[in-house]
Amino acid sequence: MKNVIEIKGITKKYKNFKLGEIQAEIPCGFATALIGANGAGKTTLIDILCGVTSKSGGEAVYFGDMSDIDNDKLRNRIGYCSSADFFPLDWTLKTIANSMELGFDNFDRKHFAELCKRFKLGDPTEKKQKKLVKLSDGNKMRTYLAAVLARDTELLVLDEPASSLDPLARDMLCDIFREYLNERDGERSVLFSTHNIADMEFATDYAIYMSNGKVIEQGFVEDLKQKYILVHGDAENGEKAKPFMLSFAGGHTSFEGIALAENCDMLREYDTVVETPTLQQLSVGILRKAEEDE
Amino acid sequence: MNNNTPLTCSEALKLYSGKSISKMILFITGIALGLYLFIVLYVLLMNGLDNGSANSDDMLATIMAIVSNIFLALEGGIITTLLSQMTYEKENPGGKLFRSVKGGYDTYIKMRVGNLITAIVVIFLFLGIICAINAVFPILMYGTATCISMLFFLLLNIGICTLLSMIPNGAIRGGISVIVSDIIGLIGIMSVLITSGRLGWIQIAAGAAAIVLIPISFKLMINNYKEKRWNS
Amino acid sequence: MKIYQNSNEPIYKQIADQLREQILTGKLKAGDSLPSIRALAQDLKISVITTMKAYEELSSEGLVTSSKGKGYYVNAQDEQMLKEQHMRQLEKNLSDAIYSARIAGIGLEEVEQTLEMLWSIDEE
């Protein structure tokens with residue numbers, strides 16, 4: 001399968017944080033989620049991939065043969081937006097359209113106006129315009145999305161797009177991802193970060209888990225769901241089952257956690273119930289294990 | 001507009017600020033003139049109402065003119081500071097967009113060049129218009145000489161403020177820049193007042209220093225920015 | 001197509017089951033093309049990888065074939081294979097019945113009688 005980005009040993013050193021080395025693949029034609037707690041390094045990685053932050057070492061190869069993120073041809077193919085203050089706060093839809101048109105070769109004003117209408121943001125061609133500072137966080141995010149989607153790109157990279165959106169808007173965001181992918185079947189990809197995967201479960205194809213600056217697990221969601229199992233059991237069997245489990249959370253009456261599917265038979269002997277985890281349950285398990293390992 | 005040509009300095013400035021160089025020049029000059037004339041008129045009117053007596057007229061006119069001169073220095077200092085210190089940090093609103101646009105760092109430098117051009121042209125325009133106004137309605141002491149002196153000193157101030165923009169801490173940078181700018185502005189005024197309106201070596205020195213300092217400080221600033229801010 | 005997002009049955013299985021039924025009952029005919037994996041994902045509001053997995057399952061059973069650049073289309077089903085598929089379904093359903101019988105402690109004889117009775121009702 002083709003990859004849209006291959007991350008080869010990227011590192012970034014700060015005074016009190018180190019990212020990497022990151023080895024990861026982002027498959028072409030799918031939506032990839034970067035999952036991790038706050039401070040895991042998701043934003044730093046995205047910023048590096050989009051040319052917003054410089055890297056200390058390593059390389060990323062985009063679209064099979066491009067690796068210089070300062071190359072405008074590459075920049076034009078990537079649609080990036082952050083979730084906090086992507087635009088100056090005194091900008092309006094009109095200023096945004098003007099700047100996006102100057103900043104990128106493939107910004108389509110007409111499409112931007114349509115998207116603004118669809119997201120109920122107003123009309124960027126109207127004389128009277130509202131400044132971003134007056135909008136709610138959710139509407140600011142919708143504005144960023146309208147701006148980035150109005151560009152004809154092949155890879156969307158969105159940093160925490162869902163965090164400020166209400167449930168309806170999150171549902172719409174998932175629709176947008178699937179639409180974007182379907183529009184040019186197999187040639188477009190999405191990469192987004194999130195610390196709350198539950199709402200994005202049905203729009204995530206590939207998951208990359210990050211903890212403390214490192215990638216701890218990655219794979220296609222359906223493969224991960226076969227690799228891991230969700231285990232529930234009675235508290236009295238907890239101690240016996242624990243060695244076979246990757247993550248373990250127990251109370252007075254019951255315990256639960258994830259385990260490798262290959263330990264399934266072993267675990268069933270301790271009177272446990274085993275099921276296929278949802279992406280959310282899987283994420284909790286994998287991230288909890290990473291926390292315990294530290 | 002689907003051109004693949006790189007941006008001009010004016011376009012880069014527009015991308016960052018919403019205004020092209022020409023619009024920005026008109027905008028800043030307009031504000032600067034409006035503010036200056038408003039203050040001068042306000043002070044003039046207030047005094048005209050308070051002191052109607054004729055015998056203090058000469059004295060009053062002199063004081064008024066000196067106040068106008070001083071205010072010209074202060075305002076000029078602040079305008080040049082603001083224009084030469086338009087830094088954009090990644091963390092500021094819009095910072096990440098500006099780093100992801102085509103051209104990236106090159107576009108940033110073009111924006112700064114656009115800003116520099118704006119600052120220089122605004123100083124010429126602003127002082128030129130004040131000088132012209134002064135020729136019709138005298139508001140300044142030694143008007144023409146003051147305007148010429150201010151021109152050299154404010155140009156010098158652009159260079160100095162560009163150097164000061166390398167101070168990493170925003171609060172310290174702002175504080176020092178405003179104080180330094182005002183001092184330079186006041187030297188520009190005083191150097192004309194104490195010689196009773198004659199221009200001399202000090203203006204020539206300021207002008208010469210400005211011509212040398214502006215390009216050097218600009219080069220130093222962009223190198224410093226790339227190393228300390230852009231690549232951090 | 002109907003998808004239960006909160007069912008224990010994985011979504012890709014639900015999709016595969018429904019498509020399989022449509023193929024086996026002849027609703028989808030040989031040569032028909034399936035919707036593209038991304039179009040179906042958009043339609044059903046689920047992940048692309050889920051529809052892809054459903055298609056891969058059908059493909060591994062020989063019911064559909066993927067052709068590069070053109071997506072998946074339905075294979076011609078020969079008699080033998082159709083019967084095999086139906087037999088597989090039959091076995092699965094009977095296993096369920098046996099499981100229920102075991103829980104209730106119902107013996108083979110009784111199950112056979114029930115089966116015969118249901119068979120005759122269905123024929124009428």
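Chain A is the first sequence line, chain B the second, and so forth, proteins listed ahead of strands; every chain is numbered from 1.
Side chain to side chain, B/Thr81 and B/Ser181 meet the donor-acceptor criterion of an N or O pair below 3.5 Å. A donor-acceptor pair shorter than 3.5 Å can be found between the side chains of A/Glu6 and A/Asn3. Side chains of A/Thr125 and A/Asp123: a donor on one and an acceptor on the other come within 3.5 Å. At a cut-off of 3.5 Å, with distance as the only test, a side-chain donor of A/Arg109 or A/Asn98 sits close to an acceptor on the other residue. Between the side chains of B/Ser149 and B/Thr146, no donor-acceptor pair is found at a separation under 3.5 Å. A/Asp159 and A/Ser83 are not linked by any side-chain donor-acceptor pair at a separation below 3.5 angstrom, with hydrogens and angles left out of the test. Side-chain atoms of B/Asn115 and B/Arg112 include no donor-acceptor pair closer than 3.5 Å.
Only the side chain of A/Thr43 comes within less than 4.5 Å of a heavy atom in chain B; its backbone stays farther off. Of the two parts of A/Asn71, neither the backbone nor the side chain holds a non-hydrogen atom closer than 4.5 Å to a non-hydrogen atom of chain B. Only the side chain of B/Lys90 comes within less than 4.5 Å of a heavy atom in chain A; its backbone stays farther off. B/Leu7 touches chain A through its side chain: at least one heavy atom from C-beta onward sits under 4.5 Å away, while N, CA, C and O do not. Neither the backbone nor the side chain of A/Lys94 comes within less than 4.5 Å of any heavy atom in chain B. The contact between B/Ser100 and chain A is made by backbone and side chain atoms together, counting heavy-atom distances below 4.5 Å.
Heavy-atom proximity under 4.5 angstrom to chain A picks out nothing from residues 165-172 of chain B. Interface residues of residues 13-20 of chain B toward chain A, defined by a heavy-atom distance below 4.5 Å and sorted by number: B/Lys14, B/Leu15, B/Tyr16, B/Gly18.
Between A/Phe112 and A/Phe107, the ring planes are tilted. Angles from 30° to 60° get that label.
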| field | Check against ring pair (Phe, Tyr, Trp, His ring centres under 6.0 Å), B/Tyr108 and B/Phe98 | value | CA-CA 8 Å; B/Tyr108 177 81; B/Phe98 298 139; 8.9 Å; no
| Going through the distances and angles, do B/Ile79 and B/Glu75 end up as a side chain to side chain contact (heavy atoms under 4.5 Å, CB included)? | CA-CA 6 Å; B/Ile79 293 167; B/Glu75 196 185 318; 3.7 Å; yes
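Within a 6.0 Å radius of CZ in A/Phe17, other residues, nucleotides and ligands contribute more than 12 heavy atoms. Atom NZ of B/Lys23 sits in a sparse spot, with 12 or fewer heavy atoms from other residues, nucleotides or ligands closer than 6.0 Å.
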